Amino acid sequence: MQRCQWAGSRENMQMYHDTVWGVPEFDDQRLFRKLVLDMNQAGLSWQTILNKMDNFDRAYEQFELEKVAAFDEAKVESLMQDAGIIPNRRKIEAAINNAQKILAMQAAGLSFSDYLWGFTDY
């Protein structure tokens with residue numbers, strides 16, 4: 001397989017390149033996970049996020065929308081103390097807000113996947 005130069009020689013970067021990056025995703029929960037991980041990457045290297053991915057899965061309850069949408073101030077404070085993730089209040093609150101918005105979309109009969117893929121004409 002020919003890889004993009006950014007995949008480099010690190011195994012986890014290569015695995016990400018080969019199995020996730022550029023692979024179409026249609027599951028709302030997995031798309032939410034990608035959204036949260038991507039917004040946490042802002043200002044950092046992708047390698048940093050890959051190194052913390054298991055911690056993100058744990059901290060964000062496997063990215064179950066209902067659980068993240070229900071995070072309260074105590075959970076936010078707990079996440080702010082979690083060195084295994086990116087302890088940034090705005091990024092944590094954005095994840096909660098996005099989970100709430102996705103659930104509202106779903107309640108209205110629109111999937112997050114359909115919403116996103118609609119921008120590409122599916």
Side-chain angles (χ1 to χ4, degrees):
M1 170 182 284
Q2 187 173 16
R3 293 187 176 105
C4 298
Q5 185 176 0
W6 61 260
S9 61
R10 292 191 174 164
E11 187 176 334
N12 63 350
M13 288 288 278
Q14 290 177 352
M15 181 176 286
Y16 178 80
H17 178 278
D18 297 352
T19 63
V20 178
W21 186 80
V23 176
E25 181 60 68
F26 301 96
D27 178 80
D28 280 3
Q29 185 173 328
R30 289 186 186 134
L31 286 167
F32 174 62
R33 181 178 187 261
K34 283 186 172 197
L35 174 66
V36 173
L37 294 174
D38 283 352
M39 71 183 191
N40 274 277
Q41 185 271 328
L44 304 169
S45 72
W46 189 248
Q47 185 66 54
T48 299
I49 300 303
L50 283 179
N51 292 342
K52 295 177 176 274
M53 203 164 290
D54 291 340
N55 296 325
F56 273 100
D57 290 340
R58 172 195 45 76
Y60 283 90
E61 307 280 346
Q62 306 304 315
F63 294 94
E64 289 185 39
L65 289 162
E66 293 82 4
K67 289 182 179 181
V68 176
F71 284 3
D72 59 12
E73 185 59 30
K75 180 66 174 182
V76 171
E77 289 303 321
S78 171
L79 292 174
M80 288 293 297
Q81 303 307 313
D82 190 338
I85 63 168
I86 308 303
N88 179 299
R89 180 174 294 279
R90 289 187 174 163
K91 291 178 180 184
I92 293 166
E93 290 173 346
I96 297 166
N97 183 57
N98 286 329
Q100 293 167 347
K101 299 299 184 204
I102 293 168
L103 289 175
M105 289 172 62
Q106 291 174 341
L110 179 65
S111 75
F112 185 45
S113 176
D114 286 343
Y115 173 77
L116 293 176
W117 284 102
F119 289 103
T120 65
D121 198 22
Y122 301 90

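Small disclaimer: the values here were computed from a predicted structure and weren't measured. All residue numbers in this chain count up from 1 along the given sequence.
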Task: Parallel, tilted or perpendicular, as decided by the 30° and 60° cut-offs, for the rings of Y60 and F56 - done: parallel
- [ ] Return yes if some donor-acceptor pair links the side-chain N/O of S78 with the main-chain N/O of A74 below 3.5 Å, else return no.
- [x] no
TODO: Mark yes when over 12 heavy atoms from residues, nucleotides or ligands other than E11 sit less than 6.0 Å from its CD; otherwise mark no.
DONE: no
Quiz: residues 99-110 side-chain donor-acceptor pairs under 3.5 angstrom, not counting sequence neighbours:
from	atom 1	to	atom 2	distance (Å)
Q100	NE2	A69	O	2.9
Q106	NE2	D28	OD2	2.6

Open item on the list: Any heavy-atom pair between the side chains of I96 and K75 that's under 4.5 Å?
Closed with: no
Task: CG on N40 to CG on L35, rounded to 0.5 Å - done: 9.5 Å
TODO: Determine yes or no for a side-chain-to-main-chain donor-acceptor pair under 3.5 angstrom, with E25 supplying the side chain and R30 the backbone.
DONE: no
TODO: Quick one: pull up CZ in F26 and CH2 in W117 and give me the separation to the nearest 0.5 Å.
DONE: 4.5 Å
- [ ] Could you pull out all residues at least two apart from E93 that satisfy salt bridge (Lys or Arg N to Asp or Glu O under 4.0 Å)?
- [x] R89
Open item on the list: Holding to ring pair (Phe, Tyr, Trp, His ring centres under 6.0 Å), I want the full list of residues that pass it with W6, two or more places apart in sequence or in another chain.
Closed with: H17, W21
TODO: Apply the test side-chain contact (heavy atoms from CB on, under 4.5 Å) to residues L116 and F112: give CA-CA distance (whole Å), side-chain angles for both, the deciding distance (0.1 Å), then the verdict.
DONE: CA-CA 6 Å; L116 293 176; F112 185 45; 3.5 Å; yes
Task: Which residues share a ring pair (Phe, Tyr, Trp, His ring centres under 6.0 Å) with F71, sequence neighbours left out - done: none
Do any side-chain atoms of residues 81-88 form donor-acceptor pairs under 3.5 angstrom with protein atoms, and if so which ones, sequence neighbours left out?
from	atom 1	to	atom 2	distance (Å)
D82	OD1	R58	NH2	3.3
D82	OD1	G84	N	2.8
D82	OD2	R58	NH1	3.1
D82	OD2	R58	NH2	3.0
N88	OD1	R90	N	3.0
N88	OD1	K91	N	3.0

Open item on the list: List the residues meeting salt bridge (Lys or Arg N to Asp or Glu O under 4.0 Å) with K34, not counting sequence neighbours, and say none if there are none.
Closed with: none
Task: Under the salt bridge (Lys or Arg N to Asp or Glu O under 4.0 Å) test, residues paired with D27 that sit two or more places apart - done: none
Task: Any pair counted as salt bridge (Lys or Arg N to Asp or Glu O under 4.0 Å), so long as it reaches residues 46-57, sequence neighbours left out - done: R33-D57
TODO: Quick one: list whatever passes side chain to side chain contact (heavy atoms under 4.5 Å, CB included) with D38, sequence neighbours left out.
DONE: W46
- [ ] Could you pull out all residues at least two apart from D18 that satisfy salt bridge (Lys or Arg N to Asp or Glu O under 4.0 Å)?
- [x] R3
Task: From C4 atom SG to Q14 atom CD, the distance as rounded to the nearest 0.5 Å - done: 11.5 Å
Task: Taking every non-hydrogen atom, the tightest pair across A95 and V36 - done: CB-CG2, 3.9 Å
Task: N51 CG to L44 CG distance, which is reported to the nearest 0.5 Å - done: 11.5 Å
Open item on the list: Taking OH in Y115 as the centre, count heavy atoms belonging to other residues, nucleotides or ligands within less than 6.0 Å. Is the count above 12?
Closed with: no
Task: Spacing of CG belonging to D114 relative to CZ belonging to F119, to within rounding of 0.5 Å - done: 12.0 Å
TODO: Please check if atom CE in M80 has more than 12 non-hydrogen atoms from other residues, nucleotides or ligands closer than 6.0 Å.
DONE: yes
TODO: Could you list the residues that satisfy ring pair (Phe, Tyr, Trp, His ring centres under 6.0 Å) with Y122, not counting sequence neighbours?
DONE: none
- [ ] Using side chain to side chain contact (heavy atoms under 4.5 Å, CB included) as the criterion, list what pairs up with D121, not counting sequence neighbours.
- [x] none
